[in-house]
Enquirer: 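A single structure is presented below for examination.
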Number of protein chains: 2
Amino acid sequence: MLADERHQIIISKLKQQGTIKLTELIEELHVSEATLRRDLAQLEKMKLLKRVHGGAALLQRKGFELGIHEKVHQFLAEKQEIASMAASYINEGDCIYLDAGTTVSELIPYLKEKNVTVLTNGLMHFPSLAEYEIKTMIVGGQVKVSTNAIIGSTAVSFLSQYRFDKCFLGMNGIHSQLGLTTPDPEEALLKKTAMQLSSECYVLADSSKLNEATFAKVGDITDAVIITDSNNQSALEEIRKNSKIKVVTP
Amino acid sequence: MLADERHQIIISKLKQQGTIKLTELIEELHVSEATLRRDLAQLEKMKLLKRVHGGAALLQRKGFELGIHEKVHQFLAEKQEIASMAASYINEGDCIYLDAGTTVSELIPYLKEKNVTVLTNGLMHFPSLAEYEIKTMIVGGQVKVSTNAIIGSTAVSFLSQYRFDKCFLGMNGIHSQLGLTTPDPEEALLKKTAMQLSSECYVLADSSKLNEATFAKVGDITDAVIITDSNNQSALEEIRKNSKIKVVTP
DNA sequence: TCATATTCACTCAAAAACAATCATATTATT
DNA sequence: AATAATATGATTGTTTTTGAGTGAATATGA
């Protein structure tokens with residue numbers, strides 16, 4: 001077995017389970033302990049993992065991938081369905097704004113064939129955008145570490161130099177009376193700005209966000225097309241009355 | 001069997017399995033080891049695969065993690081020494097600009113205790129900056145996928161809204177007559193802009209860059225303090241004459 | 001705290017893979 | 001057909017990878 005192959009297996013197993021024992025790897029790959037140790041040492045040097053006593057662990061940097069591990073898998077199926085529907089609204093050559101957030105992330109795989117230009121404030125989207133070779137611009141400004149989003153007044157004024165065919169936003173609260181809300185006022189302002197600059201606005205949110213409200217208001221529910229799933233029928237009916245809402249069916 | 005035929009088989013098998021062993025190919029194609037080695041060397045040169053010990057692997061240029069890593073390890077010890085010296089020039093509370101590039105990356109661990117504010121155009125720095133919880137701003141603009149750097153006119157005009165105490169730049173060529181150079185004119189322009197906006201400029205480059213020149217000129221060697229290692233004495237003497245150069249000793 | 005059991009880092013020798021060279025075979029050109 | 005250009009295969013010595021053995025370092029449980 002090639003060393004490179006071993007490395008790939010180690011990394012993929014790590015990503016699956018978060019940590020891995022040396023003994024486990026010995027059994028599975030049928031190579032000596034010394035070799036595996038060398039492999040781990042190399043991979044550590046490449047900053048692909050961190051060695052711990054007895055094996056290795058993912059290095060959870062607060063950069064690109066953090067938080068993802070907990071959040072990303074929640075409602076993953078729903079998020080993918082939602083993203084798939086959202087993608088159907090995109091036309092060839094559109095210029096679109098992608099908000100930070102995990103639901104919006106799921107939209108990226110659909111973008112390649114649409115040949116779009118993307119502006120985003122979500123640093124976590126970048127690896128994926130690069131993978132699909134999508135023409136990308138990044139909003140300049142201050143980085144909010146906890147969400148890997150770029151926010152602040154600089155970001156707002158940067159954003160206002162552009163116009164978009166469509167914007168795709170994540171949202172924490174969608175309420176029939178209280179409108180679209182998100183906890184951080186800075187983020188709210190950026191979302192609001194993006195909406196004003198876009199011909200069409202889409203809010204992507206799983207149904208757990210329906211009939212919820214958080215601190216800072218972004219806009220009214222009529223300001224955007226809301227795309228969500230059907231796992232929260234009671235809330236859906238409430239909101240359906242007076243909004244442009246699209247519901248994906250599983 | 002035609003050479004071209006072999007090449008196609010190699011590539012298709014690679015795409016199937018991700019990696020391939022040389023011994024495997026020998027058995028399957030019934031040609032000598034030497035020939036296959038030559039084949040792999042050629043295909044590698046055409047960037048259709050990457051040779052690894054024992055065979056070959058697909059080169060995954062996807063996103064971040066790989067591709068860069070080959071470079072990361074070259075001269076790593078030197079880069080760390082250089083970064084360490086560069087760090088000694090930083091004062092508490094400085095506002096600094098960090099250029100994209102692997103050498104500059106090594107500077108980041110030293111920044112935490114200095115309590116600096118960082119503006120950078122290097123997306124690859126972000127995970128590390130986040131890890132050390134450094135106050136960070138990102139330059140807005142177009143992303144150049146191959147280097148994960150933000151460049152272009154937007155980036156330049158974004159940059160010019162700021163002033164820095166120090167800037168730390170990577171550089172591809174440092175030549176006593178031809179000055180500081182880098183292959184991409186867009187990147188050169190951004191570096192140049194950063195230098196004009198900074199009170200003090202530092203160029204971080206291992207000694208393999210000395211007495212080399214590439215396409216686009218950034219400035220003269222007197223425009224910045226050059227920090228390099230001592231592994232290229234002949235080039236050092238040439239440059240030492242008329243520049244502010246600092247040499248780290250291993 | 002101590003004793004025990006893992007786990008670790010290091011060295012060394014064997015094996016595998018490597019690059020370089022040269023002789024031979026194949027193909028192209030005149 | 002003769003020659004040149006290229007591709008191939010065998011041989012060589014060198015480098016890299018590997019696995020086993022050793023003692024030191026670290027965790028675990030009494």
Side-chain angles (χ1 to χ4, degrees), chain A residues 1-60, chain B residues 1-60 65-80 206 208 231 250:
Chain A
M1 170 170 292
L2 257 41
D4 210 66
E5 239 173 300
R6 284 201 311 272
H7 291 187
Q8 286 184 17
I9 291 174
I10 293 171
I11 294 294
S12 87
K13 282 197 78 69
L14 248 181
K15 288 202 173 161
Q16 254 175 61
Q17 349 181 162
T19 62
I20 195 147
K21 285 204 281 278
L22 193 68
T23 54
E24 200 176 326
L25 286 171
I26 293 170
E27 260 193 50
E28 200 138 341
L29 299 174
H30 305 103
V31 288
S32 76
E33 184 188 318
T35 302
L36 260 329
R37 278 186 199 292
R38 273 184 280 251
D39 285 344
L40 292 187
Q42 279 181 276
L43 291 171
E44 182 175 43
K45 206 170 166 188
M46 293 193 229
K47 318 223 171 165
L48 293 174
L49 52 76
K50 137 182 126 217
R51 294 184 71 185
V52 295
H53 197 87
L58 279 178
L59 38 82
Q60 72 277 35
Chain B
M1 171 172 291
L2 256 43
D4 209 62
E5 227 174 310
R6 284 200 312 272
H7 291 188
Q8 286 186 15
I9 292 175
I10 293 171
I11 294 294
S12 87
K13 283 197 78 70
L14 246 182
K15 288 200 172 162
Q16 247 175 67
Q17 343 178 172
T19 62
I20 194 146
K21 286 201 276 280
L22 194 69
T23 54
E24 201 176 326
L25 286 171
I26 293 170
E27 260 191 50
E28 201 139 339
L29 299 174
H30 305 102
V31 287
S32 75
E33 183 187 317
T35 302
L36 281 172
R37 277 187 200 294
R38 273 184 279 251
D39 286 343
L40 292 187
Q42 278 182 276
L43 291 171
E44 182 175 43
K45 211 170 172 182
M46 293 191 238
K47 318 238 170 168
L48 294 173
L49 52 77
K50 131 184 134 212
R51 293 184 72 186
V52 297
H53 197 89
L58 280 177
L59 38 82
Q60 64 264 54
E65 332 259 7
L66 275 112
I68 292 187
H69 283 307
E70 288 135 57
K71 273 190 176 174
V72 154
H73 294 303
Q74 247 192 333
F75 307 117
L76 181 59
E78 286 84 354
K79 287 176 177 177
Q80 287 174 339
D206 60 77
S208 72
N231 291 343

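Throughout, a chain's letter reflects where its sequence line sits, starting with A, and its residues are numbered from 1. Values reported hereafter were calculated over all heavy atoms of this structure, with side chains retained and with hydrogens, waters and symmetry mates removed. Here the structure is a predicted model, which is why all the values come from computation and not from measurement.
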Enquirer: Which angle, to the nearest 10 degrees, lies between the helix axes at the two ends of the helix from C:dT1-D:dA30 to C:dT30-D:dA1, each defined by five pairs?
Expert: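 End-to-end axis angle: 40°.
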Enquirer: Nearest whole angstrom, please: distance from the P of D:dT16 to the CZ of A:Arg6.
Expert: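 Interatomic distance, CZ of A:Arg6 to P of D:dT16: 17 Å.
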Enquirer: For B:Ser32, which residues count as a side chain to side chain contact (heavy atoms under 4.5 Å, CB included) partner, sequence neighbours excluded?
Expert: B:Ala34, B:Thr35
Enquirer: Run the side chain to side chain contact (heavy atoms under 4.5 Å, CB included) test against B:Ser208 and tell me which residues pass, sequence neighbours left out.
Expert: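 B:Phe75, B:Asp206.
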Enquirer: Please give, in whole Å, the distance from D:dT17 P to B:Arg51 CZ?
Expert: 13 Å
Enquirer: If you pin B:Leu2 and B:Val52 to their nearest nucleotides in DNA chain C, which one's is more 5'?
Expert: B:Val52
Enquirer: Pair A:Gln42, A:Leu48 - check side chain to side chain contact (heavy atoms under 4.5 Å, CB included), show working.
Expert: CA-CA 9 Å; A:Gln42 279 181 276; A:Leu48 293 174; over 6 Å; no
Enquirer: Roughly how many Å is it from CD1 in A:Ile26 to P in D:dT18, rounded to a whole number?
Expert: 14 Å
Enquirer: Restricting to side-chain hydrogen bond (donor to acceptor under 3.5 Å, both in side chains), what partner residues turn up for A:Glu28, sequence neighbours left out?
Expert: A:Lys13
Enquirer: Of all residues at least two apart in sequence or in a different chain, which pass the side chain to side chain contact (heavy atoms under 4.5 Å, CB included) check with A:Ala41?
Expert: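 A:Ala41: side chain to side chain contact (heavy atoms under 4.5 Å, CB included) contacts with A:Arg51.
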Enquirer: For nucleotides 22-30 of chain D, read 5' to 3', which letter fits each nucleotide if B means a protein heavy atom sits under 4.0 Å from the base, S means only the sugar-phosphate is that close, and - means neither?
Expert: ----SS---
Enquirer: Apply side-chain hydrogen bond (donor to acceptor under 3.5 Å, both in side chains) to B:Glu33 and list each qualifying residue two or more places apart in sequence or on a separate chain.
Expert: B:Arg37
Enquirer: Test of understanding: with side chain to side chain contact (heavy atoms under 4.5 Å, CB included), list the residues that count as partners of B:Glu5, not counting sequence neighbours.
Expert: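 B:Glu5 satisfies side chain to side chain contact (heavy atoms under 4.5 Å, CB included) with B:Met1, B:Leu2 once adjacent residues are dropped.
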Enquirer: If you look at every heavy atom in B:Leu14 and B:Ala56, which pair is closest and at what distance?
Expert: CD2-O, 3.9 Å
Enquirer: Would you kindly give the CD-to-P distance between A:Glu5 and D:dT18, to the nearest whole Å?
Expert: 12 Å
Enquirer: What's the shortest heavy-atom distance between B:Leu36 and B:Ile26, and which atoms?
Expert: CD1-N, 3.4 Å
Enquirer: By nearest heavy atom, map A:Met1 and B:Ala3 onto DNA chain D; which one lands nearer the 5' end?
Expert: B:Ala3
Enquirer: If every non-hydrogen atom of B:Val52 is compared with every non-hydrogen atom of B:Ala57, which pair is closest and at what distance?
Expert: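 Of all heavy-atom pairs spanning B:Val52 and B:Ala57, the closest is CG1-CB, 4.3 Å.
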Enquirer: In chain order, what residues pass the side-chain hydrogen bond (donor to acceptor under 3.5 Å, both in side chains) check against B:Glu24, with sequence neighbours excluded?
Expert: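 Testing B:Glu24 for side-chain hydrogen bond (donor to acceptor under 3.5 Å, both in side chains), a comparison that skips the adjacent residues, returns B:Gln17.
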Enquirer: Within the 4.5 Å heavy-atom criterion, are A:Ile10 and A:Leu29 side-chain neighbours or not?
Expert: yes
Enquirer: Rounded to whole Å, please give me the gap between CG in A:Asp4 and P in D:dT18.
Expert: 11 Å
Enquirer: Need two values: the first and the last nucleotide of DNA chain C, 5' to 3', having an atom under 4.0 Å from any heavy-atom of chain B.
Expert: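 Contacts span C:dA17 to C:dA19, reading 5' to 3'.
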Enquirer: Distance check, rounded to the nearest 0.5 Å: B:His7 atom NE2 versus B:Leu40 atom CG?
Expert: 8.5 Å
Enquirer: Output the residues of residues 31-43 of chain B in contact with DNA chain D, where contact means a heavy atom of the residue under 4.0 Å from an atom of the strand; sort by number or write none.
Expert: B:Val31, B:Ser32, B:Ala34, B:Thr35, B:Arg38
